[in-house]
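One structure below.
Since we're looking at a predicted model, the values are computed, not measured.
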Amino acid sequence: MRTPFGAALCLISAVGFGLAPIFAKEAYAAGVSLQTLLVVRFGLAALLFWLLAAWRRPGLPSWRVLLVCLALGAVGYAGQAALYFGALTLTSASLVSLLLYAYPAIVTGIAVALRRQGLDRGRVAALTSSALGLLLLLGTGDAGNLAGVMLALGAAVTYALYLTVADGLPRELDLFLLSAVVCTGAAGSVTAFAGAPSVPGGAWPWLVLLAVFSTVVPIVTMFAGVRSVGASTAAILSCVEPAVTVGSTALIYGESLTAVQLLGGAAVVAAIFMMGRLPRRLDAPREREFGST
């Protein structure tokens, strides 16, 4: 696979993830509840990933690893998605997307605290840029619904913890199988909480788009893209994701950020760009291959 094609795959992944808020908002407008959205999204994604895993026929990991993956889906992935998509019902998708992108800085902070990484000048600069960006996003007095902001920040923290735990999984574990197990765990936990979904007919196209184009396709393309261009380049290319969300929601819904908030969002994205150019372990987006918004 040539590198330009690998870069294109990473960009396809970023666009798919970046359009998730559009599909979610349209599903909400069609009468879908948050709980139903999560059940259908994870259920369809799990089914598709199991089909991919059956086609690939990877070796099965130990029961302990399988249970850890199920727990990651049931608690980490489901919790992060519930917070993220819940935030979308309360405040603008642009702000939610940019606040979520604080997660790489949080992952790096956790890695430093656990002494898995050193705190060099590059990481200090990236963490400072991310912190400054968050202050600008939230400090203008126009940060949107407070509950929505707190849910979005909770999604960033939950995702960072999810990635930190997932980084300890065996490196040889097939990521399509891992995605299937994680999505199955997430589907199981949200179904146990919400019960059987009731989907209005007009919502199905948006839910299918969310499950396929904003879940399965971006995970698969990111996996293939990382193999081609490497994790660092993929991390940089993933900065397109919040830009897609901000641009698409502005175009479709007329959502807008203040000039100061746009500056803050740029600082958050710049922090991701800086981290993508650093030698690192945890802040590489290996885990984005099987999980995201």
Any chance you could lay out the side chain to side chain contact (heavy atoms under 4.5 Å, CB included) test for L263 and V260, step after step, and finish with the verdict? CA-CA 5 Å; L263 182 61; V260 174; 5.5 Å; no
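- Within the structure, the salt bridge (charged side-chain N to carboxylate O under 4.0 Å, His left out) test picks out no pair touching residues 184-195 (sequence neighbours left out).
- V220 and V181 fall into different hydrophobic clusters, defined by Ile, Leu, Val, Met, Phe, Trp and Tyr side-chain heavy atoms under 4.5 Å apart, directly or through other members.
- Between L136 and G264, the shortest heavy-atom distance links the atoms CB-CA, 3.6 Å.
- Residue pairs meeting the salt bridge (charged side-chain N to carboxylate O under 4.0 Å, His left out) criterion with at least one partner in residues 78-92, sequence neighbours excluded, do not occur; the list is empty.
- By the 4.5 Å heavy-atom criterion applied to side chains, I219 and F17 are counted as neighbours.
- The line from OG of S214 to CG of L207 is 11.5 Å long, rounded to the nearest 0.5 Å.
- Pairs engaging residues 245-266 under the salt bridge (charged side-chain N to carboxylate O under 4.0 Å, His left out) rule: K25-E255 [sequence neighbours left out].
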Which side-chain N or O atoms in residues 43-71 pair as donor and acceptor under 3.5 Å with protein atoms at least two apart or in another chain?
unit_1	atom_1	unit_2	atom_2	d
W50	NE1	T184	OG1	2.8
R56	NE	D174	OD1	3.1
R56	NH2	D174	OD1	2.7
S62	OG	V65	N	3.3

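- A single hydrophobic cluster is not seen to contain both L177 and V165; linkage of ILVMFWY side chains at heavy-atom distances under 4.5 Å, directly or through other members, places them apart.
- For the salt bridge (charged side-chain N to carboxylate O under 4.0 Å, His left out) condition, no pair includes a residue of residues 198-221, sequence neighbours left out.
- The minimum heavy-atom distance linking S179 with L175 is given by the pair OG-O, 2.7 Å.
- Note that CG of L19 and OG1 of T249 are 10.0 Å apart. Values are rounded to the nearest 0.5 Å.
- Put simply, CD1 on I22 and CD1 on I252 are 3.5 Å apart, with the number rounded to the nearest 0.5 Å.
- For S92, there are no side-chain hydrogen bond (donor to acceptor under 3.5 Å, both in side chains) partners two or more places apart in sequence or in a different chain.
- Evaluation of the side chain to side chain contact (heavy atoms under 4.5 Å, CB included) rule for L161 yields I110, V157 as partners, not counting sequence neighbours.
- Annotation: side chain to side chain contact (heavy atoms under 4.5 Å, CB included) contacts of V75 (sequence neighbours excluded): none.
- For the pair S130/Y101, no side-chain contact is recorded, criterion being any heavy-atom separation below 4.5 Å from C-beta on.
- The shortest side-chain heavy-atom distance between Y159 and Y84 does not fall under the 4.5 Å cut-off.
- The main-chain N or O of A267 is found under 3.5 Å from a side-chain atom of S129 such that the two form a donor-acceptor pair.
- The backbone N or O of S94 sits nowhere less than 3.5 Å from a side-chain atom of T245 that would complete a donor-acceptor pair.
- Under the ring-ring contact (aromatic ring centres under 6.0 Å, His included) criterion, F176 pairs with F223, not counting sequence neighbours.
- Between V96 and A87 the shortest heavy-atom distance is CG2-CB, 3.8 Å.
- When atom types are taken as modelled, the side chain of T191 and the backbone of G188 share no donor-acceptor pair closer than 3.5 angstrom.
- With rounding to the nearest 0.5 angstrom, the CG atom of L72 is 12.5 Å from the CD atom of Q80.
- Here the rule is ring-ring contact (aromatic ring centres under 6.0 Å, His included) with F42, and of F85, Y77, F193 only Y77 fits it.
- Here the shortest heavy-atom pairing between A74 and A78 reads O-CB, 3.4 Å.
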Hey, can you pull the donor-acceptor pairs under 3.5 Å for the side chains in residues 30-39, sequence neighbours left out?
unit_1	atom_1	unit_2	atom_2	d
S33	OG	T36	N	3.1
S33	OG	T36	OG1	3.1

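- The structure places CG of L99 at 6.5 Å from CG of L134, a figure rounded to the nearest 0.5 Å.
- Among all heavy-atom pairs drawn from V240 and A14, the shortest one is CB-CB, 4.0 Å.
- Atom CE of M222 sits about 9.0 Å away from atom CG of L11, to the nearest 0.5 Å.
- Here the closest non-hydrogen pair linking P200 and S198 is CD-O, 3.6 Å.
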